[in-house]
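Heads up: the structure comes next, in structure tokens.
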2 protein chains.
Amino acid sequence: MTAAKSKSVTPIASQEARERIIAAALRAFATAGFEGASTRQIATEAGVAQSLLLYHFGSKDALWRAVMDKLFEGVSVRMAEALRQTRGGSVKDQLLAMIRGFIAICAEDADIHRIMTIEGRQPSERLKWLVDRHLRVGHRQACDLIARGQKDGSVRQGDPTLLYYSFIAIAGTAFSLAPEIALLTPDKEVVSAGAIESLIEALIFL
Amino acid sequence: MTAAKSKSVTPIASQEARERIIAAALRAFATAGFEGASTRQIATEAGVAQSLLLYHFGSKDALWRAVMDKLFEGVSVRMAEALRQTRGGSVKDQLLAMIRGFIAICAEDADIHRIMTIEGRQPSERLKWLVDRHLRVGHRQACDLIARGQKDGSVRQGDPTLLYYSFIAIAGTAFSLAPEIALLTPDKEVVSAGAIESLIEALIFL
DNA sequence: ACAGACCCTGATCGATTGATCAAGACGGGC
DNA sequence: GCCCGTCTTGATCAATCGATCAGGGTCTGT
């Protein structure tokens, strides 16, 4: 960890501050949206000065992009692993692994689905950046898989994109709207990942 | 229109301004969230001065509540009509009417689902107000219907609330994330209400 | 014609926003 | 010891925020 990185002169002192800022910014952006989140509130939650966050990232927009890169780095790693472990399996097994992985991601951190649905609702430069840099690949992979499943008869017919967004909507909404659901059913325990999975299975597969 | 309303002294001059303000505020709240939307931007879009909007509604919070009342007034009218027309029918027919009604509402105005998912993601006084005043009744009605359908064997087993939010998620997401989907599939036409309906049918019914 | 209620606007308030800047703290290389 | 690049802070900027206020316009009732 303290080993010198060949030619790099930077001793990599406090990358921890960057990570704390990104974590706080993720929560703020996910709950209040881009304009609703303030850099001062993010800095306070991260325990640093507000100017430090502009020193590291340059602007609020650049901070948002850094948060998204960090977010989808983790997501793509998990999804790639799920697909790798079922490489030789059937299309249905690969799709199931993808679905289980996405549910697990949403269960661990509901902010992921929150932040994705915040930006997708109006055209903007941020949405364009997000789609081109992070969303396009996953959508393409999933839709290819769905189309192959439709060909071999294991997946329900219909627009692959609609099926893709439907399963994302079910898995994500159950967790991202947890505060609302908790107010509606205060005595009920948290929603279970297994129930969501069987629901999505019934929706996707024949 | 100019007819005197019995004892009421107010001539009800410009209620049109109120409605323009509410319409503009709905769009603003639905896309930018409560904190992200500014009263000046809303006033500009409505073609009035910013102070007029505080004259009519008192505060930004009160304007938000007025927008919600207007929004759910229309929704509850449509849902009540859908249920009334299938009063004598089977549970499945009543649920189908409810689903079709909700899809039609989302197709007409995607802002409804947008605004519902914006507030449900973090605990707040606004969410508490929204749940108690507008969401609780619809949730109760739908879940009762789902439970009855589960008893007579026409509806899939599972937590009624999860089934309820799943069908809302599918119907709403397809329209509220339309800008994102359009960027992903630029050549494709808009998503069809019929495709969504058959998808939800497969999810809900046995 | 006058008075009063309602509707609406422009100016302005203090607070907060994202961004900039000067200055200090810290540590490694000479 | 001294210097220099990195990291961090506090002060401060113009712009914008929600909210308040005084005042004018318009109509109705008398």
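Below, chain A is the first sequence line, B the second, and so on; all start at residue 1.
- Atom C1' of nucleotide C/dC8 and atom CZ of B/Arg18 are separated by 14 Å, given to the nearest angstrom.
- At least one donor-acceptor pair closer than 3.5 Å links the side chain of A/Arg114 to the backbone N or O of A/Ser176.
- A cation-pi arrangement, defined by a distance under 6.0 Å to the six-membered ring centre and an angle within 45 degrees of its axis, is absent between B/Arg133 and B/Phe72.
- Of all the residues in residues 50-59 of chain A, A/Gln50, A/Ser51, A/Leu54, A/Ser59 reach under 4.0 Å from DNA chain C with at least one non-hydrogen atom.
- The closest donor-acceptor contact from the side chain of A/Lys60 to the backbone of A/Ala37 lies under 3.5 Å.
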Walk me through whether A/Lys70 and A/Leu26 qualify under side chain to side chain contact (heavy atoms under 4.5 Å, CB included).
CA-CA 9 Å; A/Lys70 179 82 174 178; A/Leu26 169 61; over 6 Å; no
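- For the residue pair A/Gln50 and A/Thr39, a side-chain donor N or O sits within less than 3.5 Å of a side-chain acceptor on the partner.
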N/O contacts under 3.5 Å, protein versus nucleotides 22-27 of chain D?
none

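- The number of heavy atoms from other shown groups lying within 6.0 Å of CZ (A/Arg140) does not exceed 12.
- For DNA chain D, the neighbouring residues in residues 32-48 of chain A, judged by any heavy atom under 4.0 Å, are A/Arg40, A/Val48.
- Of all non-hydrogen atoms in B/Phe167 and B/Leu203, the two that sit nearest each other are N-CD2, 4.5 Å.
- Atom pair A/Leu63:CG and C/dG18:C1' shows a separation of 12 Å (rounding to whole Å applied).
- When side chains are defined from C-beta on, B/Leu183 does not count as touching A/Arg136, because their heavy atoms never get closer than 4.5 Å.
- With B/Gln157 contributing its side chain and B/Gln150 its backbone, the two residues share a donor-acceptor pair below 3.5 Å.
- Side-chain atoms of A/Arg100 do not come within 3.5 Å of backbone N or O of A/Glu197 as any donor-acceptor pair.
- Checking C/dT9, D/dG18, C/dG18 against the side-chain heavy atoms of B/Lys60 singles out D/dG18 as nearest.
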